[in-house]
Structure formats: C-alpha cells, structure tokens
Amino acid sequence: MDLFNKPNAKLPKIKKDAHVDAQIPDGLFLACPYCGEQLYSKQLGDHRVCPNCGYGFRLQAYERVHLMTTAFEEWDADLTLAETDFPGYAEKLSRAKSQTKLNESALTGQAVIENETVALGIMDSYFMMGSLGTVTGEKITRLFEKATTQQLPVILFTASGGARMQEGINSLMQMAKVSAAVAAHQEAGLPYFVVLTDPTTGGVTASFAMQGDVTLAEPHALVGFAGKRVIEQTIHEKVPKDFQRAETVLENGFIDAVVQRKELPTVLAQLVKFHQPQGGR
C-alpha cells in the first residue's frame, strides 16, 4: 500500500508490546567518565575511545591483549590464593574471577607486538579494581624474573586502586618484592616500559609503575598516590580539576609521553626496537 501518495490516508496502528522496553540491551548509551559526553556505544569503536575527548574506556586484560598483540602465551595462569580468613573475601574473589576469566588482577605472558617479542603484563581494573594482592605481586615478580632469564624487555600496563586491604601487610610487601625484580631486570641491561592506564593509584604508583625506563600513559588516565579528597583534607586547599590526570603529570615531568590507545602498539614496538643492543644504546 502506497501511503506517501495519499495525504488523507491513515497510518496502520502499531500494536504496543509490553516487553519491548525489557528487550533493549544494557550499555547501549553511556557517558564518558572524563568529558561527560553522552555516547552511543558503537561510537567508541574497537579501541573503546571517546570520540569527543580521546579518553580510553577501561578494558579487561584479554581485550587489551586482542588489541595490542599478534601472539600471546600466558604465564602462571593457575597461580591463585590458597585460602583466606577475611570475611567475605572469598566471595569477592570468586565474583572477580567469573567476571574477568582471570585468577588474579594481573595477566602475564610472552607476547608479540608488531614483530617484537616481549614479556607482557596487564593489570585488570575489573578484578577488584586491579588491587595489588599477594598473587598479583607474585605474578608480576615472576614476569620480570622470566624476562631476565630469557633476555626479554618488559611492557607493563598498570591499572590499580592500590594495595588489597583484605590481605593486610602481605599486600604491602609486594611493592618491595616487585621493585627488587625490576631492579634485577634493569641491572641485566634489559628495558622496562610502563603504560599507565585509568586508574593507576596507591602502592602501585608508589613502586613499580614509576620505575620504568620509559613511562607512557593513555589520555586523561588518573595517575596518583592518595585520592583527591584525602589530599584536599591534608593541605586544606582545593586542587585543580585535572590535578591527577596524565596530561598534568606529564607537564610535571613524571611521564614521558601521553599516547592514544590505537597508536600504542606501534610506539611500544619502536621503543623495544630502539632499546635493543644494536639500536643505539
């Protein structure tokens, strides 16, 4: 029936379906955490980057592996915490494992990034906000130890809310343990590259996240030690809006470059190639 050529024609009635609203998928529209722009999820693309401000939405570890590498072999996949007495902690760990398909908040292994072979570590903010626990520290320590033995550079993507309070002093000890492994790797003449992602805070920032030979960051990533509210309460002053964002940290000399997510594989591969013995050290 041609309705467009009949100005007085009545449009057919549309039957209302009570279940239509329930069938609309979650996460179809979302707001950018940095600029607040309202976005259709497909606007983010495969790299999940805000088209308005360049902020990179948080990725799970395996998502980042897919975006950054052409080959990946996982190390220490079965390493996990034996037991814990902290109330409710076992249930939180179980939920995090189910959500991320990881046994801990760090994924480690050997990877190929644009034809360069590296030891790769990725901290996952979806696993209890990437908190640094005993097993996370052990996995990252082993990453550096294996990289030293195999004479590989290390690339580590950091994302963390800090030390995992459920494990008490054992979580704080990981800062020193990983730092010792980083030092041994660097003493062997091997390079270590860090990519700070949103958020990198607490004890991770206070230790191995800031010990790389070259430190990169994704645009607008939150980088700091203590939280904004704690700092303001301590100094009794309001801090600037972008006080702990990657660009401000770069301006103050703690980061070497802020790099768009889609450009990271090429930049990292170039850094690895340049830092090889024949590359001009």
If you look at every heavy atom in Glu218 and Leu264, which pair is closest and at what distance? OE2-CD1, 3.7 Å
In terms of heavy-atom contacts, Leu102 and Ala61 come closest through CD1-CB, 3.9 Å
Val154 side chain reached by Leu190 side chain, heavy atoms, under 4.5 Å: no
May I ask you to decide if Leu132's main-chain N or O and Thr136's side chain share a donor-acceptor pair within less than 3.5 Å? no
Search all heavy atoms of Phe157 against all heavy atoms of Thr197 and return the closest pair with its distance. CD2-CG2, 4.1 Å
Using distance alone, with no hydrogens and no angle criterion, decide if Asn52 and Tyr34 have a side-chain donor and acceptor under 3.5 Å apart. no
May I ask you to decide if the ring planes of Phe29 and Tyr40 are parallel, tilted or perpendicular, using 30° and 60° as cut-offs? tilted
Assess whether atom NZ of Lys97 is packed by more than 12 heavy atoms of other residues, nucleotides or ligands within 6.0 Å. yes
Extract all donor-acceptor atom pairs below 3.5 Å that involve side chains of residues 223-234 and protein atoms in other chains or at least two apart in sequence.
residue : atom : partner : partner atom : Å
Glu232  : OE2  : Val239  : N            : 3.2
Thr234  : OG1  : Val230  : O            : 2.8

Heavy-atom closest pair, residues Val272 and Pro153: CG1-CG, 3.8 Å
Count the heavy atoms of every other residue, nucleotide or ligand shown that sit under 6.0 Å from CE of Met173, and state whether that count exceeds 12. no
Specify the closest pair of heavy atoms between Arg164 and Ser105, including all atoms of both residues, with the distance to one decimal. NH2-OG, 3.5 Å
Ring center gap for Tyr55 and His220 short of 6.0 angstrom: no
Using the side-chain hydrogen bond (donor to acceptor under 3.5 Å, both in side chains) rule, take Glu114 and Thr70 through it: C-alpha gap first, then chi angles, then the decisive distance, then the call. CA-CA 7 Å; Glu114 294 196 357; Thr70 54; over 6 Å; no
Determine, using the 4.5 Å side-chain heavy-atom cutoff (strictly less than), whether Val49 and Leu39 are members of one ILVMFWY cluster. no
For residues His66 and Phe72, establish whether the separation of their ring centroids is below 6.0 Å. no
So how far is it from Thr117 OG1 to Gln150 CD, rounded to the nearest 0.5 Å? 10.0 Å
For residues Asp76 and Lys146, determine if any side-chain heavy atom of one lies less than 4.5 Å from a side-chain heavy atom of the other. yes
What's the shortest heavy-atom distance between Ser160 and Val204, and which atoms? OG-CG2, 3.3 Å
Can you establish whether the number of heavy atoms outside Phe254 located under 6.0 Å from its atom CZ is more than 12? no
If you count every heavy atom of other residues, nucleotides or ligands that lies below 6.0 Å from Asp85 atom CG, does the total exceed 12? no
State yes or no: are the ring centers of Tyr192 and Phe144 separated by less than 6.0 Å? yes
